[in-house]
Amino acid sequence: MADSSRPTAPNTLNNNLNMVYAQVEASLSESSISSNATADNLPGPGRLLGNLYMFLGRRLEAAASRYMEKRGYGPEASKERLERLCRDGGSPCDVDRKSRKEAKNLLKYVRSQYEPNQMLALEAILDFATHDHVRQMFIELNAARVVGLVAFKADAENCDQLLSRSRRALICLVETDIHILGNNLMEASQKRFSRKKHTVSSMMDVRKIYPLAHVRNIICALQEAMTMDLSFLGLRYVQKAAELIFGKLKNIDIHIAVFQFLLSMLEHESSAIEWPVFARALYCTRSVTWPTEKVYFKTLLARSWEHTPDVYKTAYRTRYPGLDLEEWRADNQSLASSC
C-alpha cells in the first residue's frame, strides 16, 4: 500500500504507532505477491461464480453469527465474560487463563469478514482501554498488528466507520502519556478518601493522605495533555474515574475538574467526541448541589443535549421538572463562551 494511504499517526503519539503501521505495511507488501492470484474479483473465467461464492459466504457468516450469538457466543458474549472475570476475580492463574482465552476470541472477531462483528470486537478493545491489565494482555497477544491490518484494509476500501473505530482501538494499544496519566487516575480513584488534616513530610504522603487533590491534579494534567486524536481516550479515563469517585462521595473540587474537562472536550469537532461516553461522564455528576457546579452542569447538558441518549434524557426530565434548555443556554451563555 502506498504511503499516501497510510493512516497518519498523531504527532503526540510515540513512535510505537508508526512502528505498527510500518510492520503492517511490510506484511501486506509481502503477502500481496503471493495473494494476487487468489484476490477477489479478478478478470477471467469463473469471475461471476467467484463473486457469487463471496456474496453467499458473507451471508452465511452473518447468519451463523446471529445463530451463535443466541447460544452465548460472539464478541458481545466474550466481552461480558471478560468483564465478569475482571470484576469477580478468583484464582489468579484461573482468571488469567480464562481472560486470555476471551481476549483471543475478541481478536478472532476483529479478523472476521463480517463487519458488525469487527465493530463490536473493536468497541470491546476500546472499552478495556482503561483496564491496564487487560490492555497489556491484548498487547502481549499482538493485538496492535491485528487491528492495524483492519485499519489498512478499511482505509483501502473506504470504510470510514470501520477505519475510525480501528484507528482508535490501535491508539489504545500503544503507549502514550494519556495512558500513564489515566492509569494513575484509576489507581487514585479507587483509594479510600480522607478529609482529615495530617502533617505530611513528602509529596508521596500527600498523595496517600489527600488523594482527592491528587485526582483533581491528574484530571487537569489529562486536559492539558490531550489532542484531538487522543481526546477520546482521556474522556474514557475521566468517565471511569467519575463513576468510581461520585459513587462514594461528593467533592466540589473534583466535580469542577470534571466539568472543566468536559467543557474542553466541546472545543473539539463533534465527530471527535464519543458522545455516549461523554453522556455517561456527565450523568455521573447529576447529583450536584453547589450553585457553582449547577452552572457548569446546566451548561454542559444544554450544549450536549442533542447527543444525549434517550435513557438519560428521561432521567434528567424526572430530576428537573419543566426542563427548559433554551433558558439554561441563555442563563449560562457567558460561561459557555468563556470555556
Side-chain angles (χ1 to χ4, degrees), residues 1 5-10 13-35 38-40 57-58 61-62 64-65 68-69 73-83 85-86 96-176 179 229 232-233 236:
M1 186 176 292
S5 64
R6 178 188 297 183
T8 305
L13 296 180
N14 61 23
N15 292 332
N16 287 344
L17 192 56
N18 281 328
M19 289 173 60
V20 172
Y21 288 150
Q23 290 170 2
V24 170
E25 189 173 27
S27 67
L28 287 175
S29 298
E30 292 172 2
S31 63
S32 64
I33 299 173
S34 58
S35 63
T38 57
D40 296 331
R58 288 175 178 171
E61 184 176 4
S65 177
M68 295 303 287
E69 282 177 15
Y73 295 92
E76 291 265 38
S78 290
K79 174 189 170 183
E80 290 173 4
R81 285 193 291 268
L82 188 50
E83 286 177 336
L85 286 166
C86 295
D96 188 67
R97 177 180 59 81
K98 292 180 179 179
S99 298
R100 189 170 291 269
K101 176 184 176 182
E102 299 303 338
K104 287 180 178 179
N105 284 339
L106 285 171
L107 291 179
K108 178 185 70 176
Y109 293 117
V110 172
R111 297 188 192 97
S112 169
Q113 298 302 309
Y114 183 49
E115 187 172 320
N117 275 351
Q118 287 182 295
M119 295 290 285
L120 289 171
L122 290 167
E123 182 61 32
I125 292 175
L126 285 168
D127 286 343
F128 285 113
T130 57
H131 195 297
D132 191 56
H133 177 71
V134 177
R135 193 176 74 86
Q136 293 298 330
M137 188 179 299
F138 277 120
I139 291 172
E140 291 171 7
L141 294 172
N142 206 14
R145 185 176 179 278
V146 175
V147 175
L149 280 167
V150 174
F152 263 77
K153 291 179 179 179
D155 188 31
E157 297 171 6
N158 295 318
C159 300
D160 293 340
Q161 192 174 10
L162 184 59
L163 175 61
S164 175
R165 186 75 57 87
S166 58
R167 288 184 64 183
R168 286 184 174 180
L170 186 57
I171 289 173
C172 292
L173 294 169
V174 298
E175 295 302 326
T176 67
H179 278 308
D229 293 303
F232 80 94
L233 187 54
R236 283 177 176 267

With sequence neighbours excluded, residues passing side chain to side chain contact (heavy atoms under 4.5 Å, CB included) with Arg97
Asp94
What are the two closest non-hydrogen atoms of [X] and [Y], and how far apart are they?
X      : Y      : result
Ala121 : Val110 : CB-CG2, 3.6 Å
His179 : Ala129 : CE1-O, 3.8 Å
Tyr109 : Gly74  : OH-N, 3.0 Å
Arg81  : Glu102 : NE-OE2, 2.9 Å
Phe128 : Cys86  : CE2-SG, 4.5 Å
Ala151 : Leu163 : O-CD1, 3.3 Å

Should Glu140 and Arg100 be marked as a salt bridge (Lys or Arg N to Asp or Glu O under 4.0 Å) after you check the CA-CA gap, both sets of side-chain angles, and the distance that decides it?
CA-CA 10 Å; Glu140 291 171 7; Arg100 189 170 291 269; 2.8 Å; yes
Would you give the length of the straight line joining atom [atom1] of [X] to atom [atom2] of [Y], rounded to the nearest 0.5 angstrom?
X      : Y      : atom1 : atom2 : value
Leu162 : Glu115 : CG    : CD    : 5.0 Å
Glu175 : Gln136 : CD    : CD    : 5.5 Å
Lys153 : Ser166 : NZ    : OG    : 12.0 Å
Arg145 : Leu173 : CZ    : CG    : 14.0 Å
Arg165 : Asp160 : CZ    : CG    : 13.0 Å
Lys101 : Leu85  : NZ    : CG    : 10.5 Å

Using side chain to side chain contact (heavy atoms under 4.5 Å, CB included), reason through Lys79 and Glu83 one step at a time and then give a plain yes or no.
CA-CA 6 Å; Lys79 174 189 170 183; Glu83 286 177 336; 3.2 Å; yes
Does the side chain of Leu126 reach to within under 4.5 Å of the side chain of Phe232, using non-hydrogen atoms?
yes
Is there a side-chain contact between Leu122 and Arg168 (heavy atoms, below 4.5 Å)?
no
Let's go through Asp96 and His133 carefully: what are the C-alpha distance in whole Å and the side-chain angles of both, what is the deciding distance for side chain to side chain contact (heavy atoms under 4.5 Å, CB included) to 0.1 Å, and is it a yes or a no?
CA-CA 10 Å; Asp96 188 67; His133 177 71; 3.8 Å; yes
Criterion side chain to side chain contact (heavy atoms under 4.5 Å, CB included) on Phe138 and Val147, from CA distance to verdict
CA-CA 11 Å; Phe138 277 120; Val147 175; over 6 Å; no
Flag, side chain of Arg135 to backbone of Cys172, donor-acceptor distance under 3.5 Å
yes
Could you walk me through whether Leu107 and Ile125 satisfy the side chain to side chain contact (heavy atoms under 4.5 Å, CB included) test, starting with their C-alpha distance in whole Å, then the side-chain angles of each, then the deciding distance to 0.1 Å, before giving a yes or no?
CA-CA 9 Å; Leu107 291 179; Ile125 292 175; 4.2 Å; yes
